[in-house]
Amino acid sequence: MVKHQPLQVYEKQILLSIITGIYGCRWKRYQRSQDNTSKWECLWFTILCCSFFLLLFWTYFWFVAQNDFNDFNWSVYNRTGEWTDETIPIVASTSVGISYITFLVILALFHISLGQQLNLFWVHKIGVLATLATTISGVVSVDDIWGDEWEILFISLQATAPFLHICALATVTAVGWLVAGYVVRRQRSNFQMMVLVVYFAILVALYLAPLLFTCPCVMDRHSLKDRPEIIGRRGAPMLAPENTMLSFNRALQQGATSLEADVTISVDGVPFLMRDRTLRRTTDVRKVFPSRQYEDASFFNWTEIRTLNAGQWFLESDPFWTTASLTSKDRVRIENQTVCTLVDMLRLAARANASALLNIRKPPAQHPRARSWFMDTLYKSLSHVVCPLCLGQVTWSPDSDRGRVRGFQQTAQEKLSLQEMRQRGITSLTLHYSKANHKDIQEYLANNVSVTVYPVNEAWLYSTLWCSGVPSVSSDAPQVLRKVPYPIWLMTAYYFIWIASDLLSLLVVLVIFSFQKWKMSGIQNCNPEQIVLNAVGRPQTREVNIMKEKLIFSGVLPFLLMQQ
């Protein structure tokens with residue numbers, strides 16, 4: 001008794017050997033097998049796809065979060081006490097991870113389209129698990145350290161949604177080739193029908209997705225308002241040490257029309273500019289006063305503060321990776337920077353005819369000026385502003401003691417209703433970009449409320465706010481925003497593009513399914529004699545091999561061979 005084995009066709013196919021070799025370490029001669037992928041390997045393919053989509057989300061998050069890299073490093077510094085650029089290893093590992101996983105997904109799709117088993121090599125399995133675990137731990141860590149930053153994802157969709165929609169539509173349309181090849185087989189199952197229904201449900205959802213978009217830059221160009229003014233947030237901290245005279249000068253040179261500063265008051269009542277609670281990060285207090293390096297900056301007197309260097313840290317830590325472009329003359333100027341007083345900054349603003357935005361920090365309760373800090377700061381400002389600079393050009397924050405701050409503008413840094421703003425007499429808001437959605441901005445502007453949004457360091461965010469009509473933005477990178485003469489993603493014909501892409505996608509999907517159906521029907525119409533005659537000297541297709549193996553098991557093909 002002779003036991004018939006399924007036909008196994010060995011062919012020389014270098015490309016397929018490379019694909020199966022890289023994905024499953026199968027480098028030997030290529031064997032065309034019709035066995036189905038095991039459930040275990042299907043599970044690994046599912047894990048691979050989950051890793052891909054998670055990494056895609058993670059990569060997109062860090063792409064749009066570039067706007068706040070400085071704030072992320074600052075929040076890490078406040079936890080650890082040491083300044084390091086933590087974004088570099090995160091971005092580097094994310095780039096490697098997404099490249100690796102995407103490559104494996106592409107190889108897996110090649111296997112599926114060619115009808116090959118998915119046998120992922122064990123080394124790749126370890127790599128996929130390591131990448132997945134690293135990404136999950138990164139998401140959890142960011143949620144703990146920087147949880148508020150998730151808001152930027154929703155803000156970014158106002159600018160990127162139309163482009164993401166086109167990319168997703170093209171991807172799902174291309175996947176239709178695999179779906180069609182799976183569901184048009186002669187043997188039908190409930191799972192095939194479920195795959196077909198899910199695919200078309202996703203496709204229809206993508207066709208209608210733009211109905212849910214809120215994109216300020218999808219507008220007529222004639223409705224575009226004036227370019228938002230740029231406020232130098234602590235000057236131009238990417239070009240010079242923050243809150244120093246050099247930084248403010250650089251901001252004015254880069255087109256800033258206003259200067260923003262953080263104000264702290266010393267023990268002897270001198271308002272000076274300092275963002276941090278301590279002097280450790282931006283001065284050499286560790287060398288000059290090592291025993292007081294963790295002490296609150298407001299507990300130093302001005303004589304002590306004046307002896308500190310406020311520029312060397314910038315050259316040593318290189319917080320924005322910009323020092324390599326500095327000239328020797330720039331380096332000398334930076335090395336000689338000292339802590340800046342509020343009076344010096346206001347004088348500079350007056351000479352440049354620029355306005356000023358002041359963020360006043362209240363000293364601790366034990367501070368000698370804990371009760372008089374407000375009036376001390378106000379007196380210093382008034383005595384040096386009344387003559388050279390109009391009081392209306394100085395904006396005071398926080399919004400407190402409005403009765404004593406006469407002449408200055410006061411801005412609230414919280415989102416308020418229009419009714420509450422009228423009751424408190426507020427006409428200016430300074431809001432984080434995550435709190436300033438398009439609808440609220442339009443409502444505020446319609447009621448003559450000035451809105452300043454911070455921090456705005458990337459061109460895409462600046463363009464989105466420009467389309468929303470925001471009159472001014474506060475930025476750490478005025479040199480970047482200066483190079484945006486027009487909204488980069490202003491889309492006047494998007495609705496035409498949307499409808500055209502949907503119709504094109506639908507046409508391509510129908511053609512794909514029709515072709516796959518025609519291809520399968522042609523194979524199913526072949527009789528056994530035609531299969532035997534065509535099997536010699538012609539390239540073997542997956543469907544023909546399936547038919548031949550079925551004929552072997554049924555006993556038809558051995559009978560025909562014996563007759564010949």
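- For residues 199-213, there are no salt bridge (charged side-chain N to carboxylate O under 4.0 Å, His left out) pairs, not counting sequence neighbours.
- Pairs passing the salt bridge (charged side-chain N to carboxylate O under 4.0 Å, His left out) check and including a residue from residues 426-442, sequence neighbours excluded, read K415-D440.
- Side-chain polar atoms of T464 and Q158 form no donor-acceptor pair below 3.5 angstrom.
- Applying the disulfide bond (SG atoms under 2.5 Å apart) test to pairs two or more places apart or on separate chains, none has a residue in residues 87-120.
- Within 6.0 Å of OH in Y495 there are 12 or fewer heavy atoms belonging to other residues, nucleotides or ligands.
- Crowding of F110 atom CZ: a count of heavy atoms from other residues, nucleotides or ligands under 6.0 Å not exceeding 12.
- Shown here are the side-chain contact (heavy atoms from CB on, under 4.5 Å) partners of L211, two or more places apart in sequence or in another chain: L208, W498.
- Applying the side chain to side chain donor-acceptor pair (under 3.5 Å) test to residues at least two apart or on different chains, the pairs with a partner in residues 86-97 are W58-T94, T84-E86, D85-T87.
- Applying the disulfide bond (SG atoms under 2.5 Å apart) definition to pairs two or more places apart or across chains, those involving residues 432-486 are C217-C467.
- Under the 30°/60° scheme for interplanar angles, the aromatic rings of H111 and Y23 are found to be tilted.
- Between T160 and Y60, the side chains place a donor N or O and an acceptor N or O closer than 3.5 Å (distance only, hydrogens not considered).
- The disulfide bond (SG atoms under 2.5 Å apart) pairs that include a residue from residues 87-125 number zero, where partners must be two or more places apart or lie in different chains.
- Across all their heavy atoms, A256 and G232 have their closest contact at CB-N, 3.9 Å.
- The environment of CZ in F200 is crowded: more than 12 heavy-atom neighbours from other residues, nucleotides or ligands sit within 6.0 Å.
- Residue pairs meeting the side chain to side chain donor-acceptor pair (under 3.5 Å) criterion with at least one member in residues 209-225, sequence neighbours excluded, are R221-Y486.
- With sequence neighbours excluded, no residue satisfies side chain to side chain donor-acceptor pair (under 3.5 Å) with T102.
- Contact between Q479 and D476 at its shortest, heavy atoms only, is OE1-O, 4.4 Å.
- Residue pairs meeting the side chain to side chain donor-acceptor pair (under 3.5 Å) criterion with at least one member in residues 165-179, sequence neighbours excluded: T173-S505.
- Between W146 and F61, the two ring planes are perpendicular [angle over 60°; tilted spans 30° to 60°].
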For residues 133-143, which side-chain N or O atoms pair as donor and acceptor with protein atoms under 3.5 Å away, sequence neighbours left out?
| from | atom 1 | to | atom 2 | distance (Å) |
| --- | --- | --- | --- | --- |
| T134 | OG1 | A130 | O | 2.7 |
| T135 | OG1 | T131 | O | 2.8 |
| S137 | OG | A133 | O | 3.2 |
| S137 | OG | T134 | O | 2.7 |
| S141 | OG | S137 | O | 2.8 |
| D143 | OD1 | W150 | NE1 | 3.0 |

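- Distance check: Y494 OH to F163 CZ gives 9.0 Å after rounding to the nearest 0.5 Å.
- Residues T430 and T452 bring no donor and acceptor atom of their side chains to less than 3.5 Å of each other.
- Side chain to side chain, R233 and N457 fail the donor-acceptor criterion of an N or O pair below 3.5 Å.
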Residues 121-128 side chain polar contacts: donor-acceptor under 3.5 Å, at least two apart:
| from | atom 1 | to | atom 2 | distance (Å) |
| --- | --- | --- | --- | --- |
| H124 | ND1 | Y100 | OH | 2.9 |
| H124 | NE2 | I22 | O | 2.7 |
| K125 | NZ | E41 | OE2 | 3.2 |

